[in-house]
Amino acid sequence: IDDFVSRVDAITNPRTVTVLRVVGQVQAAVDACFPGQGLVAEIYGSFSTRLGIPASDLDLVITCPRPSRNSSATNSPIQVRKSAAMPSEPKKSLFTSGSSPVSPGIANALAHTSSSPGSSLAVPVEFGSDGSSVASLSPREMLVDQLTSLYSALTRESWIRPEKMQLIDTASVPVIKLVCQDTDLPVDITMEDRAKPHTGLLTRALTQQFCKEWPELRPLVLVLKQMI
């Protein structure tokens with residue numbers, strides 16, 4: 001088992017540079033699509049807990065800024081650039097390091113992404129990406145609308161394989177799936193619902209704590225994931 005873990009680490013650890021680059025590229029697209037909103041691309045899942053195998057994908061969530069306690073705009077929707085509307089053609093349909101050991105590069109990135117502004121306020125939006133009034137959209141529809149705008153922005157990025165891009169808005173958690181052009185690294189992007197915590201972020205903290213308390217857990221999980 002120890003030899004297997006060493007071989008996995010030899011493959012996955014060098015991907016740190018790729019992961020950090022992808023996070024930066026997604027963050028740039030988010031900033032262009034939602035200017036001034038304070039949204040942050042964070043890593044969760046196996047890359048944040050060191051439980052990834054060579055076939056694992058990179059899980060990202062776009063987190064929302066936390067309004068101040070006394071603010072009356074807690075549920076204000078995120079402003080969407082209307083210019084980032086989805087094309088009319090059919091859709092082709094960062095983790096805090098915690099106490100779990102992570103590579104230095106990703107640990108630094110996590111420390112940065114986990115410090116998103118806590119007092120920034122989202123600006124109310126008047127129209128969704130399809131021109132409909134936000135007042136007529138449910139919370140899920142607003143979430144899908146924002147993810148659709150980001151998907152549209154990402155379709156113009158040269159680092160993504162266009163034939164591998166998908167927006168799955170019918171899933172229980174709407175997701176953008178893509179594959180990097182030069183490394184074939186698969187990436188899943190979700191967006192945090194302002195009304196409730198993202199379960200991936202909650203699971204990240206719990207898993208890191210388990211791995212700290214039981215060091216034997218990581219080797220066993222890696223073997224099981226490879227077998228499954």
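Note that this is a predicted model, so its numbers are computed, not measured.
Glu192 contributes a side-chain N or O that, together with a main-chain N or O of Cys64, makes up a donor-acceptor pair within less than 3.5 Å. In terms of modelled atom types and a separation under 3.5 Å, the side chain of Arg140 and the main chain of Pro174 share no donor-acceptor contact. At distances below 3.5 Å, at least one donor-acceptor pair connects side-chain atoms of Thr203 with backbone N or O atoms of Thr199.
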Would Asp169 and Val175 count as a side-chain contact (heavy atoms from CB on, under 4.5 Å) if you check the C-alpha gap in whole Å, the side-chain angles of each, and the deciding distance to 0.1 Å?
CA-CA 6 Å; Asp169 55 10; Val175 59; over 6 Å; no
Val23 and Leu60: CA distance, side-chain angles, deciding distance, side-chain contact (heavy atoms from CB on, under 4.5 Å) verdict
CA-CA 8 Å; Val23 172; Leu60 298 179; 3.9 Å; yes
Before you tell me yes or no, could you show the steps for Arg7 and Asp2 under salt bridge (charged side-chain N to carboxylate O under 4.0 Å, His left out), namely the whole-Å CA-CA distance, both residues' side-chain angles and the distance that decides it to 0.1 Å?
CA-CA 9 Å; Arg7 291 197 297 272; Asp2 288 340; over 6 Å; no
Quick one: do Val22 and Val26 satisfy side-chain contact (heavy atoms from CB on, under 4.5 Å)? Show the steps, please.
CA-CA 6 Å; Val22 171; Val26 172; 4.2 Å; yes
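Side-chain atoms of Val221 and Lys225, non-hydrogen and from C-beta on, do get closer than 4.5 Å to each other. No side-chain heavy atom of Gln37 sits under 4.5 Å from any side-chain heavy atom of Val30. Contact of the Met165 side chain with the Thr155 side chain is registered, since non-hydrogen atoms from C-beta on lie closer than 4.5 Å. Taking 4.5 Å as the limit, some side-chain heavy atom of Arg218 sits within range of a side-chain heavy atom of Val5. Between Val173 and Met191 the shortest side-chain heavy-atom distance does not fall below 4.5 Å. Taking the side chain as every heavy atom from C-beta outward, Leu154 and Ile176 approach each other to under 4.5 Å. Under the 4.5 Å side-chain criterion, counting only non-hydrogen atoms from C-beta, Gln181 is in contact with Pro162.
Interatomic distance, OH of Tyr151 versus CD1 of Ile168, reported as 10.0 Å (0.5 Å rounding). The CG atom of Leu51 sits 10.5 Å away from the OG1 atom of Thr12 when rounded to the nearest 0.5 Å. Summarising the geometry, atom CD belonging to Gln146 is positioned 12.0 Å from atom CD belonging to Glu141; distances are rounded to the nearest 0.5 Å. Atom CG of Asp57 sits about 11.0 Å away from atom CD1 of Ile189, to the nearest 0.5 Å. Note that OH of Tyr44 and CG of Leu58 are 9.5 Å apart. Values are rounded to the nearest 0.5 Å. Rounding to the nearest 0.5 angstrom, the gap separating the CG atom in Leu185 from the CZ atom in Arg15 is 5.0 Å.
Every ring pair (Phe, Tyr, Trp, His ring centres under 6.0 Å) that Phe210 has, sequence neighbours left out, goes to Trp214.
Cys33 and Leu150 make their closest contact through SG-N, 3.8 Å (heavy atoms, listed as atom of the first residue, atom of the second, distance).
A donor-acceptor pair shorter than 3.5 Å cannot be found between the side chains of His198 and Thr63.
In the hydrophobic clustering of this structure, Leu217 does not group with Phe4; members are Ile, Leu, Val, Met, Phe, Trp, Tyr whose side-chain heavy atoms approach within less than 4.5 Å, directly or through other members.
Using a cut-off of 4.0 Å between Lys/Arg side-chain N and Asp/Glu carboxylate O, Asp59 and Arg204 are scored as not salt-bridged. Taking the charged nitrogens against the carboxylate oxygens, Arg161 and Asp182 have no contact shorter than 4.0 Å, which rules out a salt bridge.
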